[in-house]
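So the structure is just underneath, and the comments pick up after that.
Just so you know, ligand 1 is whichever comes first in the structure, and atom 1 is the first atom listed for that ligand. Quick caveat: nothing in here was measured; it's all calculated off a predicted structure.
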Amino acid sequence: MTAVELIERKRDGGVLKADEIGWLIAAYTQGEVTDYQMAAMLMAIFIRGLSGDELDAWTEAMLHSGDVLDLSRLSSVKVDKHSTGGVGDKVSIPLAPMVAACGVAVPMMSGRGLGHTGGTLDKLETIPGFTSGLDPTTFVSVLEKHGLVLAGQSETLVPADRKLYALRDATGTVPSIPLIASSIMSKKLAEDLDGLVLDVKVGRGAFMKQREDARRLAETMVEIGHARGVEVVAVLTSMDQPLGREVGNANELRESIDVLAGGGPDDLVELVYHLGSLMLMLGGAARDAREARNLLQKAVQSGRALERFVRVVEAQGGDPDAVTDPSRLPRPERTVEFPAPRSGYVTSCDAEAVGIAAMRLGAGRRRKEDSIDPTVGITVLAKEGDRVEEGEPLAILGYRDESGLDQARSVLQRAWSISSLPASRQPLIIEEVRA
Ligand code: URA
């Protein structure tokens, strides 16, 4: 078998066999198949797609390219949530402790921000001392003790994805449904889960701009999980405008703590409770959405959810006082208002533009190797449907240097559309996909 034969066959619309795919992924992971050969294969897949059997074999080969966690000694049901990535999407941070406080174990493995989208790990790491790089033994022991762990993906879990994702990023082959589905699901299957809730973002700030594409991605991932005995529910949610008010890192963490303390903006709270209810139902802790919501509300009102977060932060080396007193979290050195150019109603607030502006301020990475500035970010004051007056702030920009600020301002010029006619708010939760 040679890589060239397989590339040519895929290029010409042929079908790859399971053993061929298994060989290709293993050989690539070990460095026997080169980056340029795999880049050609990825482009062939991007254009030709993968059949159901090919996708199955591709996911399986990625899953077994490294270690797979064994969480069988945990007595509780294990459910995780994964988002395909968005702007202001800090849902995991309040959600995971809320669900854990209701008795469902959450082995949460998150990623870092890239491009205009943020990452949960970057936000959590604004807590002084907090570490997300846990070895498998610590991962399991934190999970056993607290029913929750908030970690990054270890080096040994699905190493094929680490290489493939970097290559896709550099070759314009990220937005391919089979490649995204296998990338996400191989990592989630390696977590030894019983259930998984997927938040598939759709809209201006998402990978999937069209609802049909998002639905196909959701169906594909649900199918992959179902075939392997993991119950998966996917929810399509809007990423046309940023979620919540804060976009950045420390400011997003503060907003997350607000939700755990019973506050937070309506859209963020709505999504956290919706996804949390699905997790509790998947985990068998609630029979229906109403019961689940009650349990989540009680966990927040009693302070148990926040307490769970504090204990896990402490177990992972973080300063618990930074959670109980979020004013201790880093703040921007300087802030400035971004004013409305005219009066009217906000018809859209472009999530992608806000995400890019936050990245230009230093809150995100252009390339994987870049570092982020935890202090800077954007507070979005005007969202879809809001009335604004000329000169009033649409947002507050937290910044460090003038050059980042200038770039962010220039991107934000196109972020808001303002009309003289009242505009309605589009629904946040669009539809659900199940097996
Ligand atoms: N997130 C992933 O983990 N992989 C993708 O391919 C896209 C988003």
### Query
Mind checking whether D161 has an N or O less than 3.5 Å away from an N or O of ligand 1?
no

### Query
Side chains of D70 and S72: do they bring a donor and an acceptor to under 3.5 Å?
yes

### Query
Looking only at protein heavy atoms, which one is nearest to atom 1 (N) of ligand 1, and how far off is it?
I184 CG1, 3.8 Å

### Task
Specify the protein heavy atom at minimum distance from atom 4 (N) of ligand 1: its residue, its atom name, and the distance to 0.1 Å.
S183 OG, 2.6 Å

### Task
Give a yes or no on whether the backbone of A382 and the side-chain of D386 come within a donor-acceptor separation of less than 3.5 Å.
no

### Close N or O approach (H82, ligand 1; < 3.5 Å)
no

### Task
Using distance alone, with no hydrogens and no angle criterion, decide if K81 and S92 have a side-chain donor and acceptor under 3.5 Å apart.
yes

### Message
For ligand 1, which is the ligand I care about here, please tell me if K187 has any N or O atom under 3.5 Å from one of the ligand's N or O atoms.
### Response
yes

### Query
What is the minimum heavy-atom distance between R48 and R11, and which atoms define it?
NE-O, 2.9 Å

### Query
Is the shortest side-chain N to carboxylate O distance from E314 to R311 below 4.0 Å?
yes

### Task
Taking atom types as modelled, find out whether D89 and S83 have a side-chain donor-acceptor pair closer than 3.5 angstrom.
yes

### Query
How far is atom 5 (C) of ligand 1 from its nearest protein heavy atom, and which residue and atom is that?
Y165 CE1, 3.3 Å

### Message
List ligand 1 atoms under 4.0 Å from F207, heavy atoms only on the residue side.
### Response
7 (C), 8 (C)

